[in-house]
Amino acid sequence: MKKEEIKELSLKELRDQIEVAEKAYRELKVAHAISPVDNPAKITRDRREIARMKTILREKEIEAAKAAPAAQEA
């Protein structure tokens, strides 16, 4: 997924995507430990994609936290 595609997801969708990606990443790591995978660079790509999704999730959580007190003041 590209950064723009990730930003379009809602918080729930993003959390679900992270969960699925982390599960696939763990399975790939186990498979690689047993026998080498065809493309070991995929492990790095997957790890970075998970980090990218977590970063955007945190950004959205911070924005939501800032918006909540502002809504209460109004």
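Note: hydrogens, waters and symmetry copies are ignored here, and every other heavy atom, side chains too, is used.
- Taking CZ from Arg58 and OG1 from Thr55, the interatomic distance works out to 11.0 Å, rounded to the nearest 0.5 Å.
- Considering only heavy atoms from C-beta on, Lys23 comes within 4.5 Å of Glu27 through its side chain.
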Pair up each side-chain donor or acceptor in residues 28-41 with any protein partner under 3.5 Å, not counting sequence neighbours, and list the distances.
{"from": "His32", "atom 1": "ND1", "to": "Val37", "atom 2": "N", "distance (Å)": "3.3"}
{"from": "Asn39", "atom 1": "OD1", "to": "Ala41", "atom 2": "N", "distance (Å)": "3.3"}

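- For Glu19, the CD atom is loosely surrounded, since the number of other residues' heavy atoms within 6.0 Å does not exceed 12.
- Rounded to the nearest 0.5 Å, atoms CG (Leu57) and CD1 (Ile18) are 4.5 Å apart.
- The shortest side-chain heavy-atom distance between Lys54 and Glu22 falls under the 4.5 Å cut-off.
- The two residues Lys60 and Glu8 come nearest to each other via the heavy atoms NZ-C, 4.3 Å.
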N/O donor-acceptor pairs under 3.5 Å from side chains in residues 42-52, not counting sequence neighbours:
{"from": "Lys42", "atom 1": "NZ", "to": "Asp46", "atom 2": "OD1", "distance (Å)": "3.2"}
{"from": "Lys42", "atom 1": "NZ", "to": "Asp46", "atom 2": "OD2", "distance (Å)": "3.1"}

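- The CG atom of Leu11 sits 11.0 Å away from atom CG of Asp16, with the distance rounded to the nearest 0.5 Å.
- Salt-bridge check for Lys7 with Glu4: failed, with every basic side-chain N at 4.0 Å or more from each acidic carboxylate O.
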